[in-house]
Structures are given as C-alpha cells and as structure tokens.
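FYI, the numbering just counts along the sequence from 1.
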Amino acid sequence: MPASAVHVLVLGGTTEARRLAESLAGDRGVRVTTSLAGRVAAPRLPPGEVRVGGFGGPEGLAAWVREHDVDALVDATHPFAAAMSRNAAEAAALAHVPLLALRRPGWVAQDGDRWHSAGSLAEAAGLLPALGERVFLTTGRMGLAAFAGADLDALWFLVRSVDAPEPPCPARMEILLDRGPFGLDGEREIIRRHRIDVLVTKDSGGDATAPKLTAAREAGIPVVVVRRPPVPEGVPVARTPDEAARWVRRLHASG
C-alpha cells in the first residue's frame, strides 16, 4: 500500500457498503476499513480490513479515526440507523475529516399500491387495527416492542428477521428466520400460505427486499411504509456505490 494511499473508514452492514469495498479493493491508492456493528451473527464480510463492534459514541469514533489515520468517512449504514449517522456526522466534525453518506434511493409507490405512510414504528403499529388482522412484519428484530401493546393482542404477526428477536414481542406471532434477497414467488407464497392481509415495512429501498411490495400489490393488501429518517444536515449523499467510489478517488487525486 503506497504511503500516500487514502484511508477510508466505511461504516457498513449494507449491500452497498460491501459493494463499495469491493469496488475499491483493487485500488492501490485507497486503503479501506469496513466497520460492522456486530448485531448480525454471521455477517457477509467485505474485502479489505474489517472491524466489528461499536466505537463508544461520536467521541470514540473520532478517537479511532485519529488513531488509525483515517482520511475520510463513508456512512453506508442502513437508512434507518439514525443514531449511527448522527454519530458519524459529529465524529467527522470532531476529527476534521470529510464525510459522505451512501444511501440507496427509497421506494416509490406504483399504480395499484395501497400504501400508508408512518413516521415511526409506533405510528405504524397504531395504523394496523384498521387495516388488517394478519400482519407480515418485515421491519427486522429491532423495535418489536412497538407492536407488543395490549391494543394489538387481537392481531397475528409473521415476523421475519435474520436473527431471532428478543422480548418484548407481539403476543401472537410466528418467527420466520431468513435473509434476503427475496424472490417474488416466495413472497407471493408467504402472503398466500399465511393469509396475510397487511404488510409492514421500512422504506429501506433497493431490490433485495422489494418483491414483497409487488406481491402485496398483486394481492391487493395494504402496506404500511415507515419513512426513513433524514441524513444529518450538511452531509453530502451518494446514491450508488460507484458514486461513492468516485468521491473517494477524487480525495486521493486531490491529496
């Protein structure tokens, strides 16, 4: 690795983060370290250096950046990892390094969709009694407490997540452990077999989990879509790994 190589810390855990690391892996002008939160038991590791675990807040992240001579940060965490994104913005300011947010575009409703927008998981839960009785909950294992209230005890939930959720959970539920990408035929079968009449999802964007939206449209069932939090103010955004890779390479060229 050339002494003048740009050291980029990618806050990862998404497909886009892995693709960014893959894009930069063969670039002699760039050194890539990907940080994973460690919440998934068997994550898919990207090329390059990998660290697992938290930093201890923005001050801890800023200290790690200084200690390891990081030249730039890329926040490629999940679109709903709002706390980590805020920490990244504060840490970048403390360490005086540039920061880029890598965010895949959100989903767009199509003709025939019956979408109901919610600003939070709690708001999504509040919409459910008026929409259906058998819920396909695809918001992951975190935040299930929002659906554990007594006012939802009459509803049945099919909860899909990569790892098993922990309490509190909905009173009546079945757990489906699976990892995307998910195909359209499989999503159709889940809705049919479990007699799903309402779907709950976060607006994660991307293709890996989008087929459930098509399956819901075909079945004519409502979808509660939780809006993603905004990127911290002043942080530039790349919509694709290629766009983020060009940003990194420009840093090397200018350095």
**Residues in ring-ring contact (aromatic ring centres under 6.0 Å, His included) contact with His68, at least two apart in sequence or another chain** = Trp64
Under 3.5 Å, sequence neighbours excluded: what are the donor-acceptor pairs made by side chains of residues 86-100?
none

**Asked** Which residues pass the side chain to side chain donor-acceptor pair (under 3.5 Å) test with Lys212, sequence neighbours left out?
**Response** Thr138, Thr201
**Request:** Check Arg114 against Ile221 and note the closest heavy-atom contact, atom names and distance.
**Result:** NH1-CA, 3.9 Å
**Prompt:** Are Val70 and Val6 joined in one hydrophobic group, where the rule is that I, L, V, M, F, W and Y side chains link up if heavy atoms are under 4.5 Å apart?
**Reply:** no
**With Ala21 via side-chain contact (heavy atoms from CB on, under 4.5 Å) - residues at least two apart** = Val32, Thr34, Pro46, Pro47
**Fill in**
With sequence neighbours left out, the residues meeting side-chain contact (heavy atoms from CB on, under 4.5 Å) with Arg195 are Arg134
**Prompt:** For the hydrophobic clusters of this structure (ILVMFWY residues joined by side-chain heavy atoms under 4.5 Å, transitively), does one cluster hold both Leu73 and Val10?
**Reply:** no
**Message:** Suppose we screen for side-chain contact (heavy atoms from CB on, under 4.5 Å). Which residues come up paired with Pro105, at least two apart in sequence or across chains?
**Reply:** Arg239
**Message:** Please check this pair: side chain of Arg31 against backbone of Ala5, looking for a donor-acceptor N/O pair closer than 3.5 Å.
**Reply:** no
**Complete:** dist Phe182:CZ -> Asp207:CG (nearest 0.5 Å) comes out at 13.5 Å
**Asked** With respect to Glu218, which candidate in Leu213, Leu184, Ile191 satisfies the side chain to side chain contact (heavy atoms under 4.5 Å, CB included) definition?
**Response** Leu184
Show which side-chain atoms of residues 75-85 pair as donor or acceptor with protein atoms under 3.5 Å away, not counting sequence neighbours.
{"from": "Asp75", "atom 1": "OD1", "to": "Thr77", "atom 2": "N", "distance (Å)": "3.2"}
{"from": "Asp75", "atom 1": "OD1", "to": "Thr77", "atom 2": "OG1", "distance (Å)": "2.6"}
{"from": "Asp75", "atom 1": "OD2", "to": "Ser85", "atom 2": "OG", "distance (Å)": "2.7"}
{"from": "Asp75", "atom 1": "OD2", "to": "Arg103", "atom 2": "NH2", "distance (Å)": "2.8"}
{"from": "His78", "atom 1": "ND1", "to": "Phe80", "atom 2": "N", "distance (Å)": "3.0"}
{"from": "His78", "atom 1": "NE2", "to": "Ser204", "atom 2": "OG", "distance (Å)": "3.3"}
{"from": "Ser85", "atom 1": "OG", "to": "Ala81", "atom 2": "O", "distance (Å)": "3.3"}
{"from": "Ser85", "atom 1": "OG", "to": "Arg103", "atom 2": "NH2", "distance (Å)": "2.6"}

**Prompt:** Does the Asp203 side chain pair with the main chain of Val225, one donor and one acceptor, at a distance under 3.5 Å?
**Reply:** no
**Message:** Nearest 0.5 angstrom please: Arg141 CZ to Glu166 CD, how far?
**Reply:** 6.0 Å
**Request:** Report yes if some heavy atom in the side chain of Thr209 is under 4.5 Å from a heavy atom in the side chain of Trp107; otherwise report no.
**Result:** yes
**Asked** Are any of the side-chain heavy atoms of Pro170 and Leu152 separated by less than 4.5 Å?
**Response** no
**Message:** As an exercise, state the distance from CG of Leu20 to CD of Glu243, rounded to the nearest 0.5 Å.
**Reply:** 11.5 Å
**Message:** The criterion is side chain to side chain donor-acceptor pair (under 3.5 Å); which residues satisfy it with Arg19, sequence neighbours excluded?
**Reply:** none
**Request:** Tell me whether Phe55 is reachable from Val65 by hopping between hydrophobic residues (I, L, V, M, F, W, Y) whose side-chain heavy atoms are closer than 4.5 Å.
**Result:** yes
**Fill in**
Rounded to the nearest 0.5 angstrom, the CG-CE distance for Leu144 and Met173 is 6.5 Å
**Asked** Roughly how far apart are Leu61 CG and Arg66 CZ, rounded to 0.5 Å?
**Response** 10.0 Å
**Request:** With sequence neighbours left out, write down each residue that passes side chain to side chain donor-acceptor pair (under 3.5 Å) with Ser117, or none if nothing qualifies.
**Result:** Arg227
**Asked** Any chain of hydrophobic side-chain contacts (each under 4.5 Å) joining Phe136 to Val198?
**Response** no
**Asked** Going through the checks in order, is the side-chain contact (heavy atoms from CB on, under 4.5 Å) test met by Trp247 and Val74?
**Response** CA-CA 10 Å; Trp247 180 83; Val74 176; 3.9 Å; yes
Donor-acceptor list for residues 126-133 side chains, cut-off 3.5 Å, not counting sequence neighbours:
none

**Asked** Which value, rounded to the nearest 0.5 Å, describes the distance between Asp163 atom CG and Ile175 atom CD1?
**Response** 11.0 Å
**Linked, directly or transitively: Leu177 and Ile196 (ILVMFWY side chains, under 4.5 Å)** = no
**Fill in**
Of all heavy-atom pairs linking Ser23 and Ala245, the shortest is OG-CB, 3.6 Å
**Item:** Those residues that, when tested against Arg217, pass side-chain contact (heavy atoms from CB on, under 4.5 Å) (two or more places apart)
**Value:** Gln110, Asp113, Thr214
**Partner residues of Arg160 under the side chain to side chain donor-acceptor pair (under 3.5 Å) criterion, sequence neighbours left out** = Glu187
**Prompt:** Which heavy atom of Val108 sits nearest a heavy atom of Trp115, and at what distance?
**Reply:** C-CH2, 3.7 Å
